[in-house]
Amino acid sequence: MTNPGFNFSGGEPPSNHANSDATGAPNASEYTVSELSQAIKRTVETSFDFVRVRGEISRPTYARSGHLYFTLKDEKAVLDVVCWKGQVARLGTRAEEGLEIIAQGRLTTYPGSSKYQLVLESMEPAGEGALLKLLEERKKKLAVEGLFDQARKRPLPFLPRAIGVVTSPTGAVIRDILHRIAERFPRPVRLWPVKVQGQGAAEQIAAAIAGFNALPDDLRPEILIVGRGGGSLEDLWAFNEEVVVRAIAASQIPIISAVGHETDTTLADFVADLRAPTPTGAAERAVPVRSELALGIEDLGLRLQRGTLSLTGRRSELLAGLVRGLGKPGHMLDMAYQRLDAASQGLDRGLDGQIQGRAQAVERLALKLVHPREALRTAGDQLGQRVERLRLAATGLLRGAARDWQGLQAPRRLSQALQRRLERDGQALAQVSALMASYQGVDKRALERGYARVERGDGSLLTQAASLVPGEILRLVFADGAGQVQALEPAAGQSQSGPSAASGQPQASVKPELTSSAKAPEPAKKPPKKDDGQGWLL
């Protein structure tokens, strides 16, 4: 006997409960909460095992587990909807806030919260108006991200090495593209077959675009054509999915969008680098017309030939005019030879003048030079004077020291003064000695080069031929020794009787003759100088 308070269709109530009378007396059947929830669950699932519900999506949530939860509502009621992970991937439309859909599935209950819910199996937008609303909202969202900006669109290559096509392999689109490319300019075409509508179409299109970009360089096409034939908004909806739009935006290969007819517009058209009205138009944009290129090249070749001939003619006329303006080469060389001769003469005169000027400068400098012996003699005199001053100063110091002998500081001051004076005079003597050594070194080097020094008997130098005295014994000093000669004839210009002078012939200035037996007279001894006390002082 069933409980009159419940009408369970599709299941009997539990049999272990007492029956109750019609008035709900205390002997009515008792249920546990779980029993009642299970009974309701069986009733709902049996009565509503397949339903189609129309409503607006609210609060869609994709859980980490992959399940989808949202609320389907209208003006008066709400219905919880759950879609399990395996079914979410097969949905043709992504759940978005405010999207009106027609959901298909079965009703069930959730005993844990005492509520019923729809287990979603599929859904589709409810009418074209809902799709257009969703399309407009998605377009605004992607436009804010900058995916439709003209600045990010890339130019297409003029003549691609290969062309990639993402479309259905069975439709008329691929045949139209292949025919048009072969007609205009044959190029290799690589097809990536995909679904172009229905569940999973958007994911396949996005995967094909990414796959073409992942190919190696030798296989990667330089242009991609993504498209399909015409259809309704629902048929073209895969090209409005966000996953397709983002795949086109991320592509490194320029993409031509060719979706539907000329009046059809999808989000893929906005994000692609170029939109073609039809797949055939996409093929026309991808490659140029070979015959037109050949005609253009031929026209450019003719223009180049005419321009070259014209330019050559003008340059020839200009060259002829320049040649007429030039003189004869022989005349030009004659003038150059004449200028060269004049320059050579001027160079010779300039060199002579420079040489004469330098010689005069050398003579002037030679007159200013002092002979080393004179310098030594002067230095010796100065040294003698300094020694005399030193002796006098020392004598004065000694006298002063004798007067101050009783003082304690006098000996030390005297010693210091003498020491300083001796140091100064010693330095002066060292300088004079160094100067004499340098003069002697210069004299020795001159003798080693072949020169000889001519000295009189008294040791003085004979530097002029006019100073010769006939019969005078002279001493010649060489680098390795010395010898004596006698002057036989006077220098030219002196008056002397004799056959040589009477003849009027030019006479030699000096005819020296080495005499090994003749001895030069000893030089007159100079009187010894008065002892100036230098030895005593030093």
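- Between Val387 and Leu383, some side-chain heavy-atom pair lies under the 4.5 Å cut-off.
- Of all non-hydrogen atoms in Ala282 and Ala258, the two that sit nearest each other are CB-CB, 3.7 Å.
- For residues 304-316, the set of pairs meeting the side-chain hydrogen bond (donor to acceptor under 3.5 Å, both in side chains) definition, not counting sequence neighbours, comprises Ser310-Arg314.
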TODO: Please report the C-alpha distance between Arg456 and Glu472 in whole Å, then the side-chain angles of each, then the deciding distance to 0.1 Å, and finally whether the side chain to side chain contact (heavy atoms under 4.5 Å, CB included) criterion is met.
DONE: CA-CA 8 Å; Arg456 294 182 182 275; Glu472 183 180 8; 2.5 Å; yes
Open item on the list: Set out, in order, the CA-CA distance, both residues' side-chain angles and the distance that settles side chain to side chain contact (heavy atoms under 4.5 Å, CB included) for Leu476 and Glu455, then state yes or no.
Closed with: CA-CA 7 Å; Leu476 297 182; Glu455 297 179 354; over 6 Å; no
Task: salt bridge (charged side-chain N to carboxylate O under 4.0 Å, His left out) assessment of Glu388 paired with Arg391 - done: CA-CA 5 Å; Glu388 179 65 21; Arg391 187 185 65 78; 2.6 Å; yes
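- Distance check, rounded to the nearest 0.5 Å: CG of Asp352 to CG of Asp348 gives 6.5 Å.
- Among all heavy-atom pairs drawn from Ile223 and Pro160, the shortest one is CD1-CG, 3.9 Å.
- For Phe270, the ring-ring contact (aromatic ring centres under 6.0 Å, His included) partners are Phe148, not counting sequence neighbours.
- The stretch residues 422-433 participates, sequence neighbours left out, in these salt bridge (Lys or Arg N to Asp or Glu O under 4.0 Å) pairs: Arg421-Asp425.
- A 4.5 Å side-chain heavy-atom check between Phe158 and Leu293 finds at least one atom pair inside the cut-off.
- In terms of heavy-atom proximity, Leu267 sits nearest to Asn240 at N-OD1, 2.9 Å.
- Contacts of Glu284 classified as side chain to side chain donor-acceptor pair (under 3.5 Å), with partners at least two apart in sequence or in another chain: Arg180.
- The line from NZ of Lys139 to CG of Leu147 is 13.0 Å long, rounded to the nearest 0.5 Å.
- The two atoms that bring Ala276 and Ile256 nearest to each other are CB-CG2, 3.9 Å, heavy atoms only.
- Between the side chain of Arg220 and the backbone N or O of Leu215 there is at least one donor-acceptor pair closer than 3.5 Å.
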Task: Residue pair Ile253, Ile209: steps toward the side chain to side chain contact (heavy atoms under 4.5 Å, CB included) verdict - done: CA-CA 9 Å; Ile253 305 174; Ile209 296 172; over 6 Å; no
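- For Thr167, the side chain to side chain donor-acceptor pair (under 3.5 Å) criterion is met by no residue, not counting sequence neighbours.
- In this view, Glu203 satisfies the side chain to side chain donor-acceptor pair (under 3.5 Å) rule with no residue, not counting sequence neighbours.
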Please tabulate, for side-chain N and O atoms in residues 355-367, each donor-acceptor pair with protein atoms closer than 3.5 Å (sequence neighbours left out).
none

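- Residue pairs satisfying the salt bridge (Lys or Arg N to Asp or Glu O under 4.0 Å) criterion with at least one member in residues 154-163, sequence neighbours excluded, are listed as follows: Arg154-Asp273, Arg161-Glu222.
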- [ ] Let me see the working for Phe212 and Val226 under side chain to side chain contact (heavy atoms under 4.5 Å, CB included), right down to the final yes or no.
- [x] CA-CA 12 Å; Phe212 269 127; Val226 179; over 6 Å; no
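- The shortest heavy-atom contact between Ala283 and Ile181 is CB-CG1, 3.8 Å.
- For Phe185, the ring-ring contact (aromatic ring centres under 6.0 Å, His included) test picks out no residue, with sequence neighbours left out.
- For the pair Lys153 (side chain) and Ala272 (backbone), a donor-acceptor distance under 3.5 Å is present.
- The list of ring-ring contact (aromatic ring centres under 6.0 Å, His included) pairs with a residue in residues 444-471, not counting sequence neighbours, is empty.
- Within the model, atoms CG of Leu461 and CZ of Arg475 stand 11.0 Å from one another, a figure rounded to the nearest 0.5 Å.
- The distance from atom CD of Gln338 to atom CG of Asp341, rounded to the nearest 0.5 Å, is 7.5 Å.
- Here the straight-line distance linking atom CZ of Arg190 with atom CG of Leu219 works out to 5.5 Å at 0.5 Å rounding.
- Contact check for Leu191 versus Pro193: side-chain heavy atoms found under the 4.5 Å cut-off.
- A salt bridge between Arg246 and Glu242 is present, with a side-chain N of the basic residue lying under 4.0 Å from a carboxylate O of the acidic one.
- Heavy-atom minimum distance, Val196 versus Phe239: O-CE1, 3.8 Å.
- For the side chain to side chain donor-acceptor pair (under 3.5 Å) test, residues two or more places apart in sequence or in another chain that qualify with Ser251 are Asn213.
- We find that Asp149 and Arg152 are not joined by a salt bridge, their nearest charged nitrogen and carboxylate oxygen being 4.0 Å or further apart.
- Between the side chain of Tyr62 and the backbone N or O of Val88 there is no donor-acceptor pair closer than 3.5 Å.
- Taken to the nearest 0.5 Å, the CG atom of Leu429 stands 11.0 Å off from the CG atom of Leu390.
- The closest side-chain heavy-atom distance from Leu474 to Leu462 is below 4.5 Å.
- Proximity of Leu224 to Pro254: side-chain heavy atoms (C-beta onward) are nowhere separated by under 4.5 Å.
- Residues that satisfy the salt bridge (charged side-chain N to carboxylate O under 4.0 Å, His left out) test with Arg275, not counting sequence neighbours, are Asp269.
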